[in-house]
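First comes the structure, then the notes that go with it.
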Amino acid sequence: MGLRAYIPVRTKMNKIEKLEQEVSMSFKTKIAIFLLASFLSLAGFNLIASSSALDIMKIGKKAGYEIISNVLAKAEAAHYRVPVS
């Protein structure tokens, strides 16, 4: 018996068996890779913002604040209005 017991009986694999061994991946691993790729894609695309888009967002924010302040000013003016008798 000796040394022969440690030598594998089949040392060569055919191409199909090698391919199956390389491709075989658990479902959890596939899902994890997909989620990681999705997250990286979304994060990467969200980081790409042109300066014009940022300017538009700043203008929109200012306009929103102005609209809110006008509504509050009208509401406050209506509150202090003295009824005419």
Side-chain angles (χ1 to χ4, degrees):
M1 197 135 159
L3 188 58
R4 187 166 177 92
Y6 296 106
I7 298 174
V9 176
R10 187 173 177 194
T11 56
K12 292 186 178 181
M13 297 173 65
N14 62 17
K15 291 180 182 181
I16 295 174
E17 289 174 342
K18 283 183 181 180
L19 182 64
E20 287 177 358
Q21 187 178 12
E22 291 174 0
V23 174
S24 65
M25 192 183 315
S26 70
F27 185 71
K28 290 180 182 179
T29 306
K30 290 179 184 178
I31 294 295
I33 291 171
F34 175 75
L35 291 175
L36 182 64
S38 299
F39 174 73
L40 291 175
S41 298
L42 291 174
F45 284 123
N46 286 334
L47 290 175
I48 302 172
S50 63
S51 60
S52 62
L54 294 176
D55 292 340
I56 291 172
M57 289 178 62
K58 288 178 184 177
I59 291 169
K61 189 175 181 180
K62 282 184 181 180
Y65 286 151
E66 188 174 334
I67 291 168
I68 291 171
S69 65
N70 288 341
V71 169
L72 291 176
K74 286 180 184 177
E76 192 171 329
H79 178 69
Y80 290 117
R81 199 174 197 182
V82 178
V84 179
S85 328

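Just so you know, these numbers use all the heavy atoms, side chains as well, and skip hydrogens, waters and symmetry mates.
Looking at residues two or more places apart in sequence or on another chain, you find a side chain to side chain contact (heavy atoms under 4.5 Å, CB included) between Ser26 and Lys28, Thr29.
To the nearest 0.5 Å, atoms CD (Glu76) and OG (Ser69) are separated by 11.5 Å.
Cluster partners of Phe34, by chain and number: Phe27, Ile31, Leu35. The rule joins Ile, Leu, Val, Met, Phe, Trp and Tyr whenever side-chain heavy atoms lie under 4.5 Å apart. Clustering of Ile, Leu, Val, Met, Phe, Trp and Tyr side chains at separations under 4.5 Å places Leu36 together with Phe39, Leu40.
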